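Inspection log for the structure reproduced underneath, given as structure tokens.
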Amino acid sequence: MEKILIVEDEITIMRVLKAYLSKNGYEVIIAETGEQALSLFERNPPHLVLLDIMLPDLDGWSVLTRIRTQSTCPVIMLTALGEVNDRLKGFQNGADDYITKPFVGEEVVARVKAILRRPQTMYQDEGILRYGSLTLHPNSHLVMLNGQEIDLTPKDKTLLLFLGRHPNRNFTRDQLLDQVWGMDYEGSDRAVDLSVKRIRKTLRANGITNGAIKTIRGLGYQFRVE
């Protein structure tokens with residue numbers, strides 16, 4: 001049974017949505033605030049989210065942004081706002097569809113069915129790696145901490161993403177040079193040491209403890225995960 005997370009603080013609307021979706025065979029979970037929605041999303045991942053924009057704590061845009069740092073789960077925005085700019089903002093932030101209130105229940109169900117019929121490969125996790133508060137996005141080349149991008153040089157970021165894809169595995173300097181700097185690199189292997197030093201400094205400055213790069217004497221470096 002496919003699971004739908006409804007994020008809506010208006011009880012009447014929430015009940016209508018739940019009734020229509022349950023009648024059509026979906027399992028429905030409910031959140032009335034943005035923080036509650038994010039907590040449920042992490043503990044009980046849904047197949048699709050119906051997300052209101054106007055919420056009492058975090059607004060829908062903030063919730064959508066946080067969801068997109070960890071998942072490509074489809075999200076349909078629900079709002080009383082009908083302006084074109086709001087629609088564009090939703091799509092630019094990663095929304096899959098946009099429904100304006102008041103709406104017809106059958107239309108919502110039809111939109112949900114249409115999105116869930118799309119090939120599931122469109123919503124795969126894209127190899128996202130999570131190590132405590134640190135999130136690595138190899139495909140989009142992003143390093144995030146608590147939903148915020150960490151500032152690293154392109155080469156340092158590439159090195160961290162490579163090590164993060166191979167946790168608790170040792171790599172020599174030469175192996176890292178080949179993988180990150182390329183087979184044609186003719187500089188010193190000190191480039192690896194300097195890059196690791198910069199990454200460690202950035203991780204420590206951001207309070208990251210799980211996912212540290214360890215020096216393995218005689219063997220090189222390891223991305224250590226507990």
Side-chain angles (χ1 to χ4, degrees), residues 1-128 130 133 135 137 139-140 142 144 146-149:
M1 182 182 294
E2 290 171 309
K3 186 184 308 174
I4 310 295
L5 170 60
I6 300 175
V7 188
E8 173 61 71
D9 64 321
E10 294 186 43
I11 301 300
T12 302
I13 293 176
M14 179 266 290
R15 287 176 176 170
V16 169
L17 289 170
K18 183 177 181 180
Y20 272 96
L21 292 167
S22 297
K23 182 180 179 181
N24 281 271
Y26 296 105
E27 177 185 351
V28 177
I29 52 178
I30 300 294
E32 296 181 21
T33 69
E35 291 290 356
Q36 184 184 10
L38 291 170
S39 177
L40 283 172
F41 189 92
E42 292 179 0
R43 291 187 287 107
N44 194 12
H47 294 88
L48 182 144
V49 180
L50 288 170
L51 176 59
D52 187 28
I53 291 178
M54 305 302 291
L55 295 169
D57 52 357
L58 293 176
D59 62 25
W61 306 127
S62 299
V63 174
L64 176 61
T65 298
R66 293 270 291 276
I67 287 175
R68 283 292 170 260
T69 66
Q70 56 184 295
S71 175
T72 52
C73 172
V75 176
I76 298 177
M77 305 301 292
L78 299 173
T79 179
L81 304 174
E83 297 296 327
V84 172
N85 287 341
D86 293 303
R87 293 175 181 267
L88 292 175
K89 183 176 181 180
F91 291 128
Q92 290 167 355
N93 288 351
D96 295 86
D97 204 349
Y98 191 106
I99 298 177
T100 303
K101 303 173 187 176
F103 50 77
V104 177
E106 289 85 351
E107 178 189 3
V108 176
V109 172
R111 299 272 190 103
V112 168
K113 287 182 177 180
I115 288 179
L116 290 177
R117 279 198 302 267
R118 295 176 183 174
Q120 290 302 304
T121 53
M122 295 180 65
Y123 302 116
Q124 288 178 352
D125 206 24
E126 295 184 352
I128 296 174
R130 301 181 187 88
S133 58
T135 307
H137 301 247
N139 289 355
S140 53
L142 291 174
M144 314 288 288
N146 295 322
Q148 301 296 318
E149 185 174 2

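For clarity, every value in this text was computed on a predicted model and none was experimentally measured. Count residues from 1 along the sequence. Any value given below was found using the heavy atoms of this structure, including those in side chains, with hydrogens, waters and symmetry copies removed.
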Inset, instruction - Mark yes or no for whether D97, through its side chain, and I76, through its backbone, hold a donor-acceptor pair below 3.5 Å. - result: no
Inset, instruction - Please answer whether the main-chain N or O of V7 pairs with a side-chain N or O of D52 as donor and acceptor at a distance below 3.5 Å. - result: no
Legend entry - I115 versus P74, closest heavy-atom pair with distance: CG2-CB, 3.5 Å
Inset, instruction - With sequence neighbours excluded, tell me which residues meet side-chain hydrogen bond (donor to acceptor under 3.5 Å, both in side chains) with E35. - result: none
Legend entry - Reported CG-to-CZ distance for the pair L48 and R111, which is rounded to 0.5 angstrom: 12.0 Å
Legend entry - Donor-acceptor pair, side chain of H47 and main chain of E2, under 3.5 angstrom: no
Legend entry - Any side-chain heavy-atom pair of C73 and V49 under 4.5 Å: yes
Inset, instruction - Hey, could you give me the CD/CD distance between E8 and E32, rounded to the nearest 0.5 Å? - result: 9.0 Å
Legend entry - Sub-4.5 Å side-chain heavy-atom contact between R66 and L58: yes
Legend entry - P56: partners by side chain to side chain contact (heavy atoms under 4.5 Å, CB included), with sequence neighbours left out: D9, T33
Inset, instruction - Starting at CD1 of I53, measure out to OG1 of T100 and round the result to the nearest 0.5 Å. - result: 8.5 Å
Validation: residues 10-31 side-chain donor-acceptor distances under 3.5 Å, sequence neighbours left out:
from	atom 1	to	atom 2	distance (Å)
S22	OG	K18	O	2.8
N24	OD1	K113	NZ	3.4
N24	ND2	Y20	O	2.8

Inset, instruction - Classify the side-chain pair R43/S39 by whether it contains a donor and acceptor separated by less than 3.5 Å. - result: yes
Legend entry - Side chain to side chain, L40 and Q36, heavy atoms closer than 4.5 Å: yes
Inset, instruction - Starting at CG of L51, measure out to OG1 of T79 and round the result to the nearest 0.5 Å. - result: 10.0 Å
Legend entry - Qualifying residue for side-chain contact (heavy atoms from CB on, under 4.5 Å) with V63, from D59, I67, T65: I67
